Student: 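Handing you a structure now.
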Amino acid sequence: MWKVILLFSYILFTGCSLKEYHSYKPTEPKSVCFKDISIYNPEPTLRDIFYKSISDGVLQSGNKLECDGKQKYNLYASINSVNFFPIGYSPSQRANVYSVEVNVSIKIEDVRGNVVINKNIREKTQYIGTGLRADFEKRYAFEEIGNILKVRVFSIMSEL
């Protein structure tokens with residue numbers, strides 16, 4: 001019986017391995033002031049979603065958001081265009097698949113006004129819903145594009 005237990009233990013522990021996990025942490029967290037987000041779209045929740053996504057991208061990159069005069073960088077975001085349209089319909093003839101395309105400019109300046117990073121981000125995603133919840137699905141589609149934008153801001157901040 002102990003041979004079976006020993007054989008089972010050997011198979012269990014040799015099949016399992018530990019993988020080393022590395023997370024991105026900057027050597028010194030940089031303080032960034034998120035100055036402004038320019039958006040020319042009347043959608044009421046869009047500004048909130050993009051502001052939160054960009055802020056989360058900065059914070060998840062290990063940097064700090066502060067605007068107290070001690071910051072090293074200023075971040076400006078401009079939403080150049082947002083295209084939102086239904087591309088699929090449910091059997092009850094309500095839109096349930098939405099496509100969202102966004103074009104965003106991210107500019108990071110040092111405190112002297114020198115442009116350090118100037119990137120243009122263009123992303124497109126789709127959201128599939130049920131077609132029964134009216135405006136909620138539109139918001140969820142915007143949140144999906146916001147999550148993608150958060151990842152892009154994270155990668156931009158890791159270049160600093």
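Remember, it's a predicted structure, so these values are computed and weren't measured experimentally.
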Student: Please name the pair of heavy atoms, one in Pro29 and one in Gly62, separated by the smallest distance, quoted to 0.1 Å.
Tutor: CB-O, 3.3 Å

Student: Not counting sequence neighbours, list each pair that qualifies as a ring-ring contact (aromatic ring centres under 6.0 Å, His included) and has a residue in residues 49-83.
Tutor: Phe34-Tyr51

Student: I'd like to check the side chain to side chain donor-acceptor pair (under 3.5 Å) partners of Arg47; sequence neighbours left out, ordered by chain and number.
Tutor: none

Student: By salt bridge (charged side-chain N to carboxylate O under 4.0 Å, His left out), which residues pair with Lys72, not counting sequence neighbours?
Tutor: Glu28

Student: Rounded to the nearest 0.5 Å, how far apart are CD of Glu159 and NZ of Lys119?
Tutor: 4.0 Å

Student: What residues, two or more places apart in sequence or in another chain, satisfy side chain to side chain donor-acceptor pair (under 3.5 Å) together with Lys35?
Tutor: none

Student: Take Val153 and Lys150, measure what side chain to side chain contact (heavy atoms under 4.5 Å, CB included) needs, and give me the verdict at the end.
Tutor: CA-CA 5 Å; Val153 170; Lys150 177 175 40 175; 5.9 Å; no

Student: Do the side chains of Val97 and Phe85 join up, straight or via other hydrophobic residues, at under 4.5 Å, putting them in one cluster?
Tutor: yes

Student: With the 4.5 Å side-chain cut-off for hydrophobic clustering, are Val151 and Leu160 part of the same group?
Tutor: no

Student: Between Asn41 and Ile79, is any pair of side-chain heavy atoms under 4.5 Å apart?
Tutor: no

Student: Applying salt bridge (charged side-chain N to carboxylate O under 4.0 Å, His left out), name anything that partners Lys64, two or more places apart in sequence or on another chain.
Tutor: none

Student: What residues, two or more places apart in sequence or in another chain, satisfy side chain to side chain donor-acceptor pair (under 3.5 Å) together with Ser78?
Tutor: Asn80

Student: Salt bridge (charged side-chain N to carboxylate O under 4.0 Å, His left out) with Lys124: which residues, sequence neighbours excluded?
Tutor: none

Student: Look at the aromatic rings of Phe84 and Tyr98 and report parallel, tilted or perpendicular, splitting at 30° and 60°.
Tutor: parallel

Student: Taking the side chain as C-beta and beyond, is there a heavy-atom pair between Glu123 and Ile145 under 4.5 Å?
Tutor: yes

Student: Would you find a donor on one side and an acceptor on the other, under 3.5 Å apart, between the side chain of Ser55 and the backbone of Lys52?
Tutor: no

Student: Which residue pairs satisfy the disulfide bond (SG atoms under 2.5 Å apart) criterion with at least one member in residues 53-84, sequence neighbours excluded?
Tutor: Cys33-Cys67

Student: Just verifying a value: how many Å separate Arg152 CZ and Ser53 OG, rounded to the nearest 0.5 Å?
Tutor: 13.0 Å

Student: Quick one: salt bridge (charged side-chain N to carboxylate O under 4.0 Å, His left out) pairs with a partner in residues 78-91, sequence neighbours left out?
Tutor: none

Student: Which atom pair, heavy atoms only, marks the closest approach of Glu66 to Ser31?
Tutor: OE2-CB, 3.0 Å

Student: When clusters are formed by joining ILVMFWY residues with side-chain heavy atoms under 4.5 Å apart, either directly or through shared neighbours, do Val116 and Ile106 land in the same one?
Tutor: yes

Student: Rounded at 0.5 Å granularity, tell me how far CD in Glu101 sits from OG in Ser99.
Tutor: 7.0 Å

Student: Please name all residues satisfying side-chain contact (heavy atoms from CB on, under 4.5 Å) with Tyr40, sequence neighbours left out, ordered by chain then number.
Tutor: Ser38

Student: Start with the C-alpha distance between Asn120 and Asn103, add both sets of side-chain angles, then the distance that settles side chain to side chain contact (heavy atoms under 4.5 Å, CB included), and finish with yes or no.
Tutor: CA-CA 7 Å; Asn120 194 20; Asn103 186 355; 2.7 Å; yes

Student: Between the main-chain N or O of Lys30 and the side-chain N or O of Asn63, is there a donor-acceptor pair closer than 3.5 Å?
Tutor: yes

Student: Might you point out which heavy atoms bring Gln71 and Asn74 nearest each other, and give the distance in Å?
Tutor: NE2-OD1, 3.2 Å

Student: Is any side-chain heavy atom of Ile156 less than 4.5 Å from a side-chain heavy atom of Ile117?
Tutor: yes

Student: Listed by chain and number, what are the side chain to side chain donor-acceptor pair (under 3.5 Å) partners of Glu144, not counting sequence neighbours?
Tutor: none

Student: Considering residues at least two apart in sequence or located in another chain, which fulfil the side-chain contact (heavy atoms from CB on, under 4.5 Å) criterion with Glu143?
Tutor: Ile49, Arg139, Tyr140

Student: Measure the shortest side-chain to side-chain distance between Leu75 and Met157 over non-hydrogen atoms and say whether it is less than 4.5 angstrom.
Tutor: yes

